[in-house]
Chemist: 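The structure under discussion is supplied below as structure tokens; questions concerning it will follow.
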Number of protein chains: 2
Amino acid sequence: MKYSNQTRLLVAVDCVIFGFDGADYKLLLIQRGFAPEKEKWSLMGGFIQPSESADEAASRILEQLTGLKEVYMEQIQAFSTPERDPIERVIALPYVALIDIEKYKTQINDDFHARWYNIKSLPNMIFDHKEMVELALNKLRYKAAFHPILFELLPEKFTLPQLQAMYEGLYDTKIDKRNFTRKVLSTNLLKKENEKDKSSSKKGAYYYSLDEEHYKENFTNIHNFIPRNEIPVGNE
Amino acid sequence: MKYSNQTRLLVAVDCVIFGFDGADYKLLLIQRGFAPEKEKWSLMGGFIQPSESADEAASRILEQLTGLKEVYMEQIQAFSTPERDPIERVIALPYVALIDIEKYKTQINDDFHARWYNIKSLPNMIFDHKEMVELALNKLRYKAAFHPILFELLPEKFTLPQLQAMYEGLYDTKIDKRNFTRKVLSTNLLKKENEKDKSSSKKGAYYYSLDEEHYKENFTNIHNFIPRNEIPVGNE
DNA sequence: TTTTAATAGTGTAAAAAATACAGTTAATAA
DNA sequence: TTATTAACTGTATTTTTTACACTATTAAAA
């Protein structure tokens, strides 16, 4: 038994995969292997299969490209205009994924000719993928203003200067070091390690790591790492 | 030309339509007119047609039931588990809609046997519609904590006690009247009218209305009408 | 006419949070 | 030993938020 006289459509998920390399935000793009727009740059995506939910499809597709499982992903608004794909109508469910850029470097799947692009100089992309990236970035800026999601971009151990650079990069602003440190440490989300990162200064900066338990418990709480006047006007 | 060897699916939008009657939040439900689950309560929904986007479908479906156009609507996360509809797989895109309950009362479309239910005593609903409502409520609570969206539920003229009752109802809490008034008026979103609502007190409460221009300009800004400790842990 | 009752309206002091701001420390390299 | 470079740290001020209670208005009742 089926619903009759209704049109069925292709439904795809597209992964907007962000990384942070210590200085810049990067987006992982692939070179599309098939027509139309063969060899143009594209988000990694795929059609939802009969056996899987959208979340499962997104995880599958992310793993296919990066080898990574259990990645922080979040669905954003569907893209659904009838003509967005010239071949055939496809409803796209975009997912924002935040990964530790180092974890991907080890596992390059050459099948897709993937490449990290600086988000400030993105290539032309197929269809409406650029819009998806813009929406994803707005969402990320909005959400990161209140929730500590950016930690997903960092390796297990990181320094406060790295953390601050990550926030400064996302909002393209300078934040006062003393105020930033105070706010971050007051959340008790971080544990100080007895080890320094000497790679970027003579003095060296202490490593910190996430207090995983506290992090999970307080993930959905409202935090405020960035100054009031840098909080973006909200797209969500 | 088509994408080959891919499964096409039905895609529906479902409208989670909220109203506020001065005391309680209400949800507009319909009695499903066809199998399966005929006569069970359901969100108003429908399949996306070939010519329309999801947003357009949601607007069409909302108008079909309520007669209202240009209603505040927002898409929330897709529901996509393969078995959610027993007849056939359907991907559902739920939309939250906020309407002035008075505007609907005048235009009851009897075809759907629609009814307002208090959100505190919802009937059994088909499929996963209850989950959609829960998700929509969480989203509403979260968003309304930072953005002045609840005004969409009020008529053109409303009083401060009404406004406060609406916020208190959503968060199921009591808010200090003086602090609430100060915060609300400091946004300059409201214009005081020279007229009182005498229906709920002898003294009468002054009507206020939205300063439409200021409202639209500041809609996406971050506001804070509710006390810090009532801000919900975030689902978004 | 006076009293009662019920809700609307209003201000201030204290606490908490956010901001602005600059000198000292540590370690390597010269 | 000195110079260089980035990490680290504290306080005073401003802004925001909170806590808290009495007066005003008017219709209805006495």
Side-chain angles (χ1 to χ4, degrees), chain A residues 22-23 145-146 148 154 157-169 171 173-209 218 221-232, chain B residues 22-23 145-146 148 154 157-169 171 173-209 218 221-232:
Chain A
F146 300 115
L154 290 174
K157 292 189 293 186
F158 49 87
T159 67
L160 292 180
Q162 280 166 18
L163 185 66
Q164 181 167 346
M166 188 169 65
Y167 276 88
E168 289 180 341
Y171 299 100
T173 188
K174 279 280 171 200
I175 303 175
D176 181 89
K177 190 171 26 171
R178 288 160 293 189
N179 294 338
F180 181 79
T181 305
R182 187 186 310 114
K183 283 181 178 182
V184 167
L185 294 181
S186 74
T187 63
N188 289 112
L189 254 41
L190 301 191
K191 287 187 305 197
K192 191 175 189 172
E193 303 285 326
N194 280 323
E195 192 190 348
K196 280 184 167 183
D197 167 32
K198 291 279 184 67
S199 67
S200 65
S201 82
K202 290 161 184 168
K203 183 175 178 180
Y206 277 104
Y207 279 117
Y208 286 79
S209 64
N218 291 275
N221 289 9
I222 305 292
H223 292 281
N224 253 71
F225 293 172
I226 65 164
R228 244 196 280 272
N229 60 316
E230 299 298 338
I231 293 177
Chain B
F146 300 115
L154 291 174
K157 291 189 294 188
F158 51 86
T159 67
L160 292 180
Q162 280 166 18
L163 185 66
Q164 181 168 347
M166 189 169 63
Y167 276 88
E168 289 179 341
Y171 299 99
T173 188
K174 280 281 170 198
I175 303 175
D176 181 89
K177 189 172 31 168
R178 288 160 292 188
N179 293 339
F180 182 79
T181 306
R182 186 186 310 115
K183 282 181 179 182
V184 167
L185 294 180
S186 73
T187 64
N188 289 113
L189 254 40
L190 300 190
K191 288 187 305 198
K192 190 175 190 172
E193 303 287 325
N194 280 324
E195 193 189 348
K196 280 184 167 183
D197 166 31
K198 291 279 184 66
S199 67
S200 65
S201 82
K202 290 160 184 171
K203 182 175 178 179
Y206 277 105
Y207 279 118
Y208 286 78
S209 64
N218 292 274
N221 290 8
I222 306 292
H223 293 281
N224 253 71
F225 293 171
I226 66 163
R228 241 196 279 274
N229 60 316
E230 298 298 337
I231 292 177

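Below, chain A is the first sequence line, B the second, and so on; all start at residue 1.
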Chemist: When only distance counts, do a donor and an acceptor, one from the side chain of Lys203(A) and one from the base of dA6(D), lie under 3.5 Å apart?
Modeler: no
Chemist: Mark yes when over 12 heavy atoms from residues, nucleotides or ligands other than Lys196(A) sit less than 6.0 Å from its NZ; otherwise mark no.
Modeler: yes
Chemist: Between Thr181(B) and Lys202(A), who's closer to the 5' end of DNA chain C by nearest nucleotide?
Modeler: Thr181(B)
Chemist: Keeping the roles fixed (side chain from Glu230(B), backbone from Pro227(B)), state whether a donor-acceptor pair exists under 3.5 Å.
Modeler: no
Chemist: Are there over 12 heavy-atom neighbours, none belonging to Asn194(A), within less than 6.0 Å of that residue's CG?
Modeler: no
Chemist: Can you confirm if the NZ or CZ of Lys192(B) lies within 45° of the ring axis of Tyr206(B) and under 6.0 Å from the centre of its six-membered ring?
Modeler: yes
Chemist: Not counting sequence neighbours, which residues clear ring-ring contact (aromatic ring centres under 6.0 Å, His included) with Tyr207(B)? List them please.
Modeler: none
Chemist: Could you note down all residue pairs passing ring pair (Phe, Tyr, Trp, His ring centres under 6.0 Å) where residues 177-198 of chain B supplies at least one of them, sequence neighbours left out?
Modeler: Tyr167(B)-Phe180(B)
Chemist: Measure the spacing between OG of Ser209(B) and CD of Glu195(B) and express it to the nearest 0.5 Å.
Modeler: 10.5 Å
Chemist: Any residue in residues 158-166 of chain B with a heavy atom nearer than 4.0 angstrom to DNA chain D? Just list them by number, or reply none.
Modeler: none
Chemist: NZ of Lys174(A) versus P of dA6(D): gap in Å, rounded?
Modeler: 11 Å
Chemist: Could you state the atom-to-atom distance from CZ of Phe180(A) to C1' of dT9(D) in whole Å?
Modeler: 16 Å
Chemist: Do any pairs count as a ring pair (Phe, Tyr, Trp, His ring centres under 6.0 Å) and have a residue in residues 185-204 of chain B, sequence neighbours left out, and if so which ones?
Modeler: none
Chemist: Between the side chain of Glu193(B) and the main-chain N/O of Lys157(B), is any donor-acceptor distance below 3.5 Å?
Modeler: no
Chemist: Measure the distance from NZ on Lys198(A) to P on dT5(D) and round it to the nearest whole Å.
Modeler: 18 Å
Chemist: Would you confirm whether Asn218(A), through its side chain, and Asn221(A), through its main-chain N or O, come within 3.5 Å as a donor-acceptor pair?
Modeler: no
Chemist: Reading DNA chain C 5' to 3', which nucleotide is the first, and which the last, to come under 4.0 Å of any heavy atom in chain A?
Modeler: dA18(C) to dT28(C)
Chemist: Measure from CG on Leu185(A) to P on dC8(D) and round the result to the nearest Å.
Modeler: 10 Å
Chemist: At under 4.0 Å between heavy atoms, which parts of nucleotides 12-22 of chain D does protein reach? Answer with one letter per nucleotide, 5' to 3': B base, S sugar-phosphate only, - none.
Modeler: ----SSBBBB-
Chemist: Supply the atom-to-atom distance Lys174(A) NZ to Glu168(A) CD, rounded to the nearest 0.5 angstrom.
Modeler: 4.5 Å
